[in-house]
Enquirer: 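Starting off with a structure, shown below.
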2 protein chains.
Amino acid sequence: MDSTGQQICGDFDFDVFSRLCPSRGTLEDVTGRWGSLTIGALREGGTLRFNELRRRVDGVSEKMLSQTLHALERDGLVSRQAQPTNPPRVDYELTPLGQEIGERLLALIELVEGRMPEVLTARSRYDEKHGDPGARA
Amino acid sequence: MDSTGQQICGDFDFDVFSRLCPSRGTLEDVTGRWGSLTIGALREGGTLRFNELRRRVDGVSEKMLSQTLHALERDGLVSRQAQPTNPPRVDYELTPLGQEIGERLLALIELVEGRMPEVLTARSRYDEKHGDPGARA
DNA sequence: CTGCATCCAATATGATACTG
DNA sequence: CAGTATCATATTGGATGCAG
């Protein structure tokens, strides 16, 4: 990390702050609304089938789950194994890389959860000061 | 973590997989496209002014940066100090809580970056196998 | 059951103009 | 400089219907 404070993109010659940084897309797959929850679910659930995942990730639609799973599979974080049975059965699970990433993701999630009381307090203060009670769900 | 594998929301009686879990919103502020980059920039840059941040976070619009900053300030992760000078000067920096969260966020980001070669390889294989070269930027 | 295609609604984002 | 307001657009998300 040099004094410009911008090179944190490892071997690449541009950083995550740049729209051209390739890690930015992956990061979004991982941290996005459904990506993070899907990884979280797989970390806790081990190997899960499509509809098991769907039930675990509250509110996700078929379409979004499918899309999320494809993105994560493409990035090499999730493996998909379809069995040629009838009815069809498809199992999803984290790859070793997916587990490593999931580990750090969970560390982040758990920290945030543990600090929610502080966050909630901060929000109250903010909303009160700004006279905007219903702001931002 | 009980056998249901669902309660990871600490003191609350519902989990992050639920749309009602309060941490979910904060998590999205933190991991969202602009939230994560803004926190990253502040972690590296220390105290920054609005337009300094704007320059560091490539591609962010005035509107999005403003919105992101408000959300993070509301959650108590960023502090905003306006100086009554002319021209106006407003400094943003991470609060202690923001720094803790930023630390774990960066740990995640750096892991992903370090593994990008693997991700890129996985993507090539996937795209080749699915005959869809231009899929997903 | 797994999942893709399609159509429509909701939201997020961006460009621009304007104010203190 | 530091934002806010507004409008146009892009992207996301959801419901439904259909296929293997």
Side-chain angles (χ1 to χ4, degrees), chain A residues 19 24-25 28-38 41-42 47-74 78-93 126 129-132 134-137, chain B residues 17 19 24-25 27-38 41-42 47-74 78-93 126 129-132 134-137:
Chain A
R19 276 187 282 197
R24 195 152 153 180
E28 281 171 32
D29 290 338
V30 173
T31 63
R33 170 149 45 171
W34 304 120
S36 59
L37 295 173
T38 299
L42 284 171
T47 297
L48 296 172
R49 300 177 62 178
F50 188 83
N51 279 319
E52 286 176 332
L53 267 170
R54 192 141 142 53
R55 279 188 292 275
R56 291 218 180 205
V57 182
D58 184 62
V60 71
S61 67
E62 213 178 62
K63 178 183 173 182
M64 284 300 100
L65 181 57
S66 176
Q67 195 172 301
T68 300
L69 251 11
H70 277 307
L72 295 176
E73 188 197 349
R74 187 168 102 101
V78 163
S79 71
R80 174 183 186 277
Q81 285 161 289
Q83 288 168 43
T85 59
N86 190 305
R89 176 196 179 90
V90 182
D91 292 307
Y92 292 92
E93 68 179 331
Y126 183 96
K129 183 157 62 173
H130 292 71
D132 195 346
R136 272 198 62 85
Chain B
F17 298 107
R19 277 186 283 196
R24 196 151 152 180
L27 223 35
E28 282 171 30
D29 289 339
V30 173
T31 63
R33 171 150 42 171
W34 303 121
S36 59
L37 295 173
T38 300
L42 285 171
T47 298
L48 296 172
R49 301 175 63 176
F50 189 84
N51 279 319
E52 287 176 331
L53 268 170
R54 193 144 142 50
R55 278 188 292 275
R56 290 217 181 208
V57 182
D58 182 62
V60 71
S61 66
E62 241 174 41
K63 179 184 172 181
M64 283 299 98
L65 180 58
S66 175
Q67 193 172 304
T68 299
L69 250 12
H70 279 309
L72 294 176
E73 188 196 352
R74 188 168 102 101
V78 163
S79 71
R80 174 184 186 278
Q81 284 162 286
Q83 288 169 45
T85 60
N86 191 304
R89 177 196 179 91
V90 183
D91 292 307
Y92 291 93
E93 67 180 331
Y126 183 96
K129 181 157 63 173
H130 291 72
D132 197 344
R136 272 198 62 84

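Numbered from 1 within each chain, the chains take letters A, B, ... in sequence-line order.
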Enquirer: Where the side chain of T68(A) meets the backbone of M64(A), is there a donor-acceptor pair that is under 3.5 Å apart?
Expert: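 Side chain of T68(A) to backbone of M64(A), a donor-acceptor pair under 3.5 Å: yes, one is there.
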Enquirer: Give the rounded distance in Å between these two atoms: NE2 of H70(B) and P of dT13(C).
Expert: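 Spelled out: NE2 on H70(B) to P on dT13(C) is 15 Å.
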Enquirer: Indicate whether OP1 or OP2 belonging to dT4(D) is found under 4.0 Å from a side-chain N or O atom of S66(B).
Expert: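 Answer is yes, contact under 4.0 Å.
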Enquirer: Of the listed nucleotides (dT13(C), dT4(D), dC1(C)), which one gets closest to any side-chain atom of P88(A)?
Expert: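 In terms of side-chain proximity for P88(A), the closest of dT13(C), dT4(D), dC1(C) is dC1(C).
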Enquirer: Can you tell me if R80(B) touches the phosphate of dG3(D), counting only side-chain N or O atoms and a distance under 4.0 Å to OP1 or OP2?
Expert: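 The answer is yes; a side-chain N or O of R80(B) sits under 4.0 Å from OP1 or OP2.
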Enquirer: With respect to the phosphate group of dA2(D), does any side-chain polar atom (N or O) of R49(B) fall under 4.0 Å of OP1 or OP2?
Expert: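 Indeed, a polar side-chain atom of R49(B) lies that close.
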Enquirer: Scan G59(A) against the nucleic acid and name what it touches under 4.0 Å (heavy atoms): base, sugar-phosphate only, or nothing.
Expert: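 Sugar-phosphate contact only.
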Enquirer: With a cut-off of less than 4.0 Å, is there a side-chain N or O of W34(A) near OP1 or OP2 of dT12(D)?
Expert: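 No, outside the criterion.
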Enquirer: Let me know the distance between CD of Q81(B) and P of dG3(D), rounded to the nearest Å.
Expert: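 For the pair Q81(B) CD and dG3(D) P, the rounded distance is 13 Å.
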Enquirer: To the nearest Å, how far apart are R33(A) CZ and dG14(D) P?
Expert: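 Spelled out: CZ on R33(A) to P on dG14(D) is 7 Å.
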Enquirer: Distance check needed: dA10(C) C1' versus R19(B) CZ, whole Å only.
Expert: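 Result: 13 Å.
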Enquirer: Can a side chain N or O of Y92(B) be found less than 4.0 Å away from OP1 or OP2 on dC1(D)?
Expert: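 For dC1(D), OP1/OP2 do not have a side-chain N/O of Y92(B) under 4.0 Å.
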